[in-house]
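Quick caveat, the model's predicted, so the values are computed rather than measured.
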Amino acid sequence: MAPEAEIQTREEYSLHPVGHIRSTLRALDEAPRQGSEGAPDAWLELNPIVARGLLGIAAGDEIIVITWLHRADRDVLEVHPRGDPDVPLAGVFITRSPDRPNPVGLHRVTVREISGTRLRIGPIEAIDGTPVVDLKPVLVERADA
């Protein structure tokens, strides 16, 4: 990206990983595009400093794991969806491409097991070493609401 084209802002933000993914997926080309497309389960290893934040999470819960896609190309603004050159270009903000200005990944997973500060979750397409920046509950709409 040319310096004059960089996003200009006076505000800076920082994210600190709360954990990392430990997966059998080691390379980007091994990972499916979505968890539901054959991704394995993996371990989410939380930093012990944030362990109290797990209070209330149980095996069987569905959560959203928010990752920082640290191997992404942050200069990409348009892609061929799903990497298919026969599909017209689209802006990254209408796609799930990992390559984007701020490569935040969203992964809806099931908690399979909790062992101390480790959660076995899945399926998840994140590769080994991917930083985790937050966890959120999946909100279920109540029928009587």
Side-chain angles (χ1 to χ4, degrees), residues 1-85 87-141:
M1 182 182 295
E4 63 275 5
E6 287 186 35
I7 298 170
Q8 298 297 315
T9 180
R10 286 188 269 223
E11 297 180 72
E12 289 290 326
Y13 302 94
S14 63
L15 294 173
H16 303 284
V18 296
H20 289 85
I21 298 296
R22 299 297 173 216
S23 176
T24 57
L25 299 173
R26 305 278 189 230
L28 292 174
D29 62 353
E30 294 176 0
R33 296 198 179 271
Q34 298 295 319
S36 62
E37 296 176 354
D41 286 355
W43 285 96
L44 188 170
E45 293 183 348
L46 276 179
N47 183 325
I49 294 171
V50 299
R52 289 178 44 205
L54 290 175
L55 182 64
I57 293 179
D61 287 351
E62 284 192 301
I63 60 172
I64 303 292
V65 177
I66 302 170
T67 58
W68 186 261
L69 304 173
H70 63 299
R71 308 266 287 297
D73 182 344
R74 296 184 71 178
D75 293 331
V76 173
L77 294 175
E78 296 176 333
V79 296
H80 292 281
R82 301 191 66 79
D84 184 345
V87 176
L89 280 172
V92 295
F93 300 136
I94 195 68
T95 74
R96 295 290 304 247
S97 172
D99 297 321
R100 53 199 322 112
N102 287 309
V104 173
L106 300 174
H107 315 268
R108 184 175 179 160
V109 300
T110 300
V111 176
R112 313 272 193 218
E113 175 184 350
I114 301 173
S115 178
T117 59
R118 297 180 49 179
L119 286 76
R120 189 168 61 85
I121 57 172
I124 187 165
E125 71 280 14
I127 63 171
D128 189 61
T130 299
V132 173
V133 296
D134 207 351
L135 307 174
K136 300 274 187 176
V138 170
L139 299 178
V140 180
E141 190 173 313

List the atom pairs, donor and acceptor, that lie under 3.5 Å between side-chain atoms in residues 18-26 and the rest of the protein, sequence neighbours left out.
from	atom 1	to	atom 2	distance (Å)
Arg22	NE	Glu45	OE1	3.2
Ser23	OG	Leu25	N	2.9
Arg26	NH1	Ser23	O	2.6
Arg26	NH1	Asp128	OD1	3.2
Arg26	NH1	Asp128	OD2	3.1

Tell me, please, which residues at least two apart from [X] pass side chain to side chain contact (heavy atoms under 4.5 Å, CB included).
X: Pro137; result: Leu139
X: Ile114; result: Ile57, Val111, Leu119
X: Ala90; result: Pro81, Ile94, Thr95
X: Leu89; result: Glu78, His80

Heavy-atom closest pair, residues [X] and [Y]:
X: Thr130; Y: Trp68; answer: CG2-O, 3.6 Å
X: Gly116; Y: Leu54; answer: O-CD1, 4.0 Å
X: Gly56; Y: Asp61; answer: O-OD2, 3.8 Å

Euclidean distance, [Y] [atom2] relative to [X] [atom1], rounded to 0.5 Å:
X: Leu15; Y: Asn102; atom1: CG; atom2: CG; answer: 8.5 Å
X: Leu69; Y: Arg74; atom1: CG; atom2: CZ; answer: 10.5 Å
X: His107; Y: Ile64; atom1: NE2; atom2: CD1; answer: 9.5 Å
X: Arg96; Y: Leu106; atom1: CZ; atom2: CG; answer: 5.5 Å

Practice prompt. Evaluate the side-chain contact (heavy atoms from CB on, under 4.5 Å) criterion for residues Arg100 and Val76: first the C-alpha distance (whole Å), next the side-chain angles of each, then the deciding distance (0.1 Å), finally the verdict.
Written response: CA-CA 5 Å; Arg100 53 199 322 112; Val76 173; over 6 Å; no
Discussion item. Just to verify, what does Glu113 make a salt bridge (charged side-chain N to carboxylate O under 4.0 Å, His left out) with, not counting sequence neighbours?
Written reply: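 Per chain and number, Glu113 pairs via salt bridge (charged side-chain N to carboxylate O under 4.0 Å, His left out) with Arg120.
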Fill in: Pair Arg71-Ile127, side-chain contact (heavy atoms from CB on, under 4.5 Å): steps then yes or no
CA-CA 10 Å; Arg71 308 266 287 297; Ile127 63 171; 2.8 Å; yes
Item to complete: Check the pair Asn47 / Thr117 against side-chain contact (heavy atoms from CB on, under 4.5 Å), numbers first and verdict last.
Response: CA-CA 7 Å; Asn47 183 325; Thr117 59; over 6 Å; no
Discussion item. I need the full list of salt bridge (Lys or Arg N to Asp or Glu O under 4.0 Å) pairs touching residues 103-112, with sequence neighbours left out, sorted by first then second residue.
Written reply: Asp41-Arg112, Glu62-Arg108
Item to complete: Report the C-alpha distance between Val104 and Ile66 in whole Å, list the side-chain angles of each, state the deciding distance to 0.1 Å, and finish with yes or no for side-chain contact (heavy atoms from CB on, under 4.5 Å).
Response: CA-CA 7 Å; Val104 173; Ile66 302 170; 3.6 Å; yes
